[in-house]
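Have a look at the structure below before the remarks.
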Amino acid sequence: MSGAALGIEIVVVFFLALFLLHRYADFRKQQRMVLFGTLLAWYLCFLIVFILPLDISTTIYKQCKIDHEEHTLLTAHQHCLYVFHDSVPKVCYKPWSYIPDGIMPVFWRVVYWTSQCLTWLLLPFMQSYARSGGFSITGKIKTALIENAIYYGTYLLIFGSLLIYVAVHPQWHLSWYELQTIGITAANTWGLFLLVLLLGYGLVEIPRSYWNASRQGHLLIKTYFKAAKLMTEKADAEENLEDVMEEVRKVQESIKYNHPLRKYIDTILRKCPVEYQEKMGRNMDDYEDFDDKQNTYPSEKNLVKLHKQVIYAVQRHNRTHVQWQILLQQAMHLEDVAKNETSSAHQFVHSFPSTEPTSWLSPYLYTPTVEWYWECLLRQWFYRLLAVLLSLFSVGVVWSECTFFSTRPVLSLFAVFIQLAERDYNYLYIEMACFITIFFLCTCVYSTVFRIRVFNYYYLASHHQTDAYSLQFSGMLFCRLTPPLCLNFLGLIHMDSAISHQLKEQTAYTSIMGSMRVLSFIANGFYIYYPMLILLLCIATYFSLGTRCLNLLGFQQFVGDNEMTSDLIDEGKELIRREKRKRQRTEDGENRRREWKERYGNTREDTARNRNRNEAAEMTETNYSDTVPIPNTSPNRRKHVPGRYLSMSSSRSRIFDDV
């Protein structure tokens, strides 16, 4: 099994990252460069999370071998002839996931530096490239370089100032390794600063979200509130799309087929919705030559700007439309749960059939009875139990973050658990405990990242509705947050000597991070005391201080004792009721058409069949009469045209030909 666990996890993590990317991105419409960059960033971050427990168990085994060798040398030096069994150290068992020497340092070096190049160099450039409205690759690259000039210039200025500062002080002889450590420390410091803010929010909000999910009434009211806000955003997106499409219509009417900029207009039109393309196509006359007219044509720069606006407006319109459908389905489901709770038949009844695809096993396993017991009885208790467990986990994390610097006595709960398992060399327990803890920390941080909304400019939306800019921004955040998060976890379990100050075998991951002795004030100050801020952030999140401040500033937030919140809840309830009536009318119309077709479908088919038979007979008779010469007895009588119906070939005056 040597190295097999590493290979298996590398493959599994790749498919996990691919699955998440498929959930949020649209593989058919997104650019391949955007998909590849985001997938690589997510994949590298997930690798760090999944492989670090294997590195920890391998390091513990190496430490056991070192202790065993030291004990052997000590006994040989003292010439002990009789050794009691109590003084004999335990046999060091090799873990099932042991990774041979030399593999992990190379692996961590490749993963870490690739992720850092992505987050600080490539992804910012790719963001600007994907967001650019240029019509050629050269134009997009030029726009991306101009937008990132200040970004990269700041890095060069800081790095140049650092080199000048080191050169001025001769007593500082910094090698390349020490400069590399300074860069890693600066990146981890920035990541830790953001990590504590996100973690303090997630440690409280995740358990509370599951507790609120067990309260059906509260969840339904909050859904009404979201519906009112989303409808406002949806109307704003539709209005913005209408304005942008009006600009496109004016531009495409002024620039015709014989203009050099027409190819840019065609590119913009291909990004517009189909209904707008058809509408503009009907009103377009490309057969006139408009070069002789004195028209004012937009410049290529204005067309680039318009192209960028079209991309953003269409994507925002599609995203809000899909989100509205999903939220509408959730609200109707919660209303169905509220109605079925008082049902004595214990059979879950849906108001409308579900639009989500179901597997062929669902009708047999997830029956209406099973669905009733789960939705109306078991789900709320399961969520409450899960919320309690997550709350205890959050309390343990907060306590450990505030006390992990204490090594004698050991106050960090995670360090205590790992050291107890280390005595018995229970590697499976060590790996599972490390993985669950890191996974919980990542869930608290990443879920907060996925919930961030900055004026609708950055937003991760499921069901393939995330734009390229948001995907790459999430990849940047993941690459910047994951390394300091794992380094912080190693400090919690006292496996980072820069913080615990213990002479123990270091993990391969810690050796890549470098020694903090170069910047001791960060290792002994910032890395130890700044994580204590999590306690204050958790208290602020528990009392919803941030939500209340945003509500006072005019941003509509869900606050239970607020008049604006009550108005939005009533508005959302009315919107859901209106959508239900609309869907009910549509369903009734479909049922009436289905019943009419089932009742009169055979009669219509017989009538159509008889009509076709009669028309065929008339055609035969008409064709026969066309072959017989008919004398022309009237000078005004029109000659019949062969091969046409009489009603189509004759004029109306034929009725009076015999008068």
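All residue numbers refer to positions in the sequence shown, counting from 1.
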Could you check if a side-chain atom of Tyr509 sits within less than 4.5 angstrom of a side-chain atom of Met104, using non-hydrogen atoms only? no
Once ring pair (Phe, Tyr, Trp, His ring centres under 6.0 Å) is applied, do any residues pair with Phe14, and if so which ones, sequence neighbours excluded? Tyr43
Side chains of Thr482 and Tyr446: donor-acceptor distance under 3.5 Å anywhere? yes
Do Thr59 and Gln506 pass the side chain to side chain donor-acceptor pair (under 3.5 Å) test, and can you show the C-alpha distance, the side-chain angles, and the key distance before you say yes or no? CA-CA 7 Å; Thr59 303; Gln506 295 296 301; over 6 Å; no
Is there a donor-acceptor contact under 3.5 Å linking the side chains of Arg379 and Tyr383? yes
Go through the side-chain N and O atoms of Glu371 and His350 and say whether any donor and acceptor fall under 3.5 Å apart. yes
By side-chain hydrogen bond (donor to acceptor under 3.5 Å, both in side chains), which residues pair with Thr232, not counting sequence neighbours? none
Counting only N and O atoms by type, is there a donor-acceptor contact under 3.5 Å from the side chain of Asn148 to the main-chain atoms of Ala144? yes
Output all residues satisfying side-chain hydrogen bond (donor to acceptor under 3.5 Å, both in side chains) with His307, sequence neighbours left out; order by chain, then residue number. Lys271
How close do Pro207 and Ala387 get, heavy atom to heavy atom, and via which atoms? O-CB, 3.5 Å
Exam field: side chain Asn488 to backbone Pro484, donor-acceptor pair closer than 3.5 Å: no
Heavy-atom check, side chain of Glu205 versus side chain of Thr541, under 4.5 Å: yes
For Ser394 and Ser391, test the side chains for any donor-to-acceptor distance below 3.5 angstrom and give the result as yes or no. no
Indicate yes or no: does Glu233 engage Arg319 in a salt bridge with an N to O separation below 4.0 Å. yes
Please step through side-chain contact (heavy atoms from CB on, under 4.5 Å) for the pair Phe348 and Thr367, ending with a clear verdict. CA-CA 9 Å; Phe348 198 90; Thr367 61; over 6 Å; no
Among residues at least two apart in sequence or on other chains, which ones pass ring pair (Phe, Tyr, Trp, His ring centres under 6.0 Å) with Tyr201? none
With sequence neighbours left out, what residues match Leu20 under side-chain contact (heavy atoms from CB on, under 4.5 Å)? Trp42, Phe46
Measure the shortest side-chain to side-chain distance between Phe27 and Leu18 over non-hydrogen atoms and say whether it is less than 4.5 angstrom. yes
Donor-acceptor check, side chain of Thr38 to backbone of Leu35, threshold 3.5 angstrom: yes or no? no
Which residues pass the ring pair (Phe, Tyr, Trp, His ring centres under 6.0 Å) test with Tyr276, sequence neighbours left out? none
Could you work out, with side-chain contact (heavy atoms from CB on, under 4.5 Å) as the rule, every residue matching Leu327, not counting sequence neighbours? Thr223, Lys226, Ala227, Leu230, Gln330
Just by modelled atom types, is the Leu492 backbone N or O under 3.5 Å from a matching donor or acceptor in the Ser412 side chain? yes
For His22, what residues pass the side-chain hydrogen bond (donor to acceptor under 3.5 Å, both in side chains) criterion, not counting sequence neighbours? none
Note: Glu579-Arg583 ion pair, threshold 4.0 Å (strictly below): no
Contacts satisfying side-chain hydrogen bond (donor to acceptor under 3.5 Å, both in side chains) that involve residues 107-116 (not counting sequence neighbours) are Asp55-Trp108, Gln116-Trp120
Heavy-atom pair of closest approach, residues Met476 and Thr119: O-OG1, 3.0 Å
Does the Lys NZ or Arg CZ of Arg208 fall within the cation-pi geometry relative to Trp211 - under 6.0 Å from the ring centre and within 45° of the axis? no
Assess whether side-chain contact (heavy atoms from CB on, under 4.5 Å) is satisfied between Met126 and Val34, documenting all intermediate values. CA-CA 7 Å; Met126 293 167 63; Val34 173; 5.6 Å; no
Does Glu335 have any side-chain hydrogen bond (donor to acceptor under 3.5 Å, both in side chains) partners at least two apart in sequence or in another chain, and if so, which? Tyr224, Lys580
Going by side-chain contact (heavy atoms from CB on, under 4.5 Å), name the residues that satisfy it together with Leu428, two or more places apart in sequence or in a different chain. Trp96, Asn426, Met432
Closer than 3.5 angstrom, by distance alone: can the side chain of Ser132 be matched with the main-chain N or O of Tyr129 as a donor-acceptor pair? no
For Lys234, is there any backbone N or O sitting under 3.5 Å from a side-chain donor or acceptor partner on Thr320? no
For Arg270, what residues pass the side-chain contact (heavy atoms from CB on, under 4.5 Å) criterion, not counting sequence neighbours? Asp266, Thr267
